[in-house]
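Have a look at the structure below before the remarks.
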Amino acid sequence: MRRHVMAAGSALALLILSGAPPGPALAAQPVPGTYRCSSYNVAGGGGSCRNLPPLVLEPDGTYRYSSTRGRWSVAGGRLHLSASTLWGPGEILGPDTVRFQYEYRGWRHTVTWVCAGCGQEAAAAAPAAAPAPPGAGFAGVSL
C-alpha cells in the first residue's frame, strides 16, 4: 500500500512540475481536421477500424463522414453531429480525440477518433519561444 501511495504521489509531483492540471480535463472544443478511427470496440471485443472512412470536421462548422454531410457543434463537452442518427453525441476527450458510444443491433459500440496531424499543425503555427534560462521551470517538491 505504501509503495502505491508513493507512486501516486510521484505521478502528482510530475504533473505539478510539468504544469499539467491534475485530473482529467475535457477540451472545450475539438480541433477542426481529419479524424481517423484509432480504436473500435464491440461489446468488449476489439475490432479493426482501419477501413472506416475519416470523419472530417471543417473550421466553418460543417462535417462529412463518407457520404453523410452536416453541421457539428459542441455542448456540455460533447460533439454533436447534425446528420448522425446512429452515433449520438461524442465525448470530447481532448482537443484532438473524440469517443462515440452507441447501441447498434443489440451490441454496445465504442469508437474513438483521433485527429491525424492536428498536433503538428498547431505546433507549426505556434511562434517559436525564446530559450528558457537555466533552471527555469523547475520547482522543488517534497513528498
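Everything numeric in this text was worked out from a predicted model, so none of it was measured.
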Side chains of residues 51-60: which donor-acceptor partners sit under 3.5 Å, not counting sequence neighbours?
from, atom 1, to, atom 2, distance (Å)
Glu58, OE2, Arg64, NH1, 2.6
Asp60, OD1, Thr62, N, 3.0
Asp60, OD1, Thr62, OG1, 2.6

Indicate the atoms forming the closest heavy-atom contact of Cys115 with Gly33, along with that distance. SG-CA, 3.9 Å

Locate the shortest heavy-atom distance separating Pro89 from Arg78; write the atom from each residue and the value. CB-CD, 3.8 Å

Compare every heavy atom of Ala116 with every heavy atom of Arg36, then report the nearest pair and how far apart it is. CG-CB, 4.0 Å

How long is the straight-line distance from CD1 of Ile92 back to CG of Asp96, given to the nearest 0.5 Å? 11.5 Å

Check for a donor-acceptor pair, side chain of Ser38 on one end and backbone N or O of Thr112 on the other, with a separation under 3.5 Å. yes

Test side-chain contact (heavy atoms from CB on, under 4.5 Å) on Val111 and Cys37; report intermediate values, then the result. CA-CA 7 Å; Val111 185; Cys37 179; 3.7 Å; yes

Is it the case that one hydrophobic cluster holds both Val114 and Trp72, taking links as side-chain heavy atoms less than 4.5 Å apart, direct or via other members? no

Give me the atom names and distance for the closest heavy-atom approach of Asn41 to Gly46. ND2-N, 4.1 Å

Using a 3.5 Å distance criterion without hydrogens, assess whether the side chain of Tyr40 forms a donor-acceptor pair with backbone atoms of Arg50. no

For Tyr65, enumerate each residue passing the ring pair (Phe, Tyr, Trp, His ring centres under 6.0 Å) test, keeping only those at least two apart in sequence or located in another chain. Trp87, Trp113

At their closest point, which heavy atom of Trp107 faces which heavy atom of Ala43, and how far apart are they? CE3-CB, 3.2 Å

When rounded to the nearest 0.5 Å, the distance separating CZ of Arg69 from OH of Tyr63 is 10.0 Å

Under the salt bridge (charged side-chain N to carboxylate O under 4.0 Å, His left out) test, which residues partner Arg108, sequence neighbours left out? Glu103

Nearest 0.5 Å please: distance from the OH atom of Tyr35 over to the CG atom of Leu79. 8.0 Å

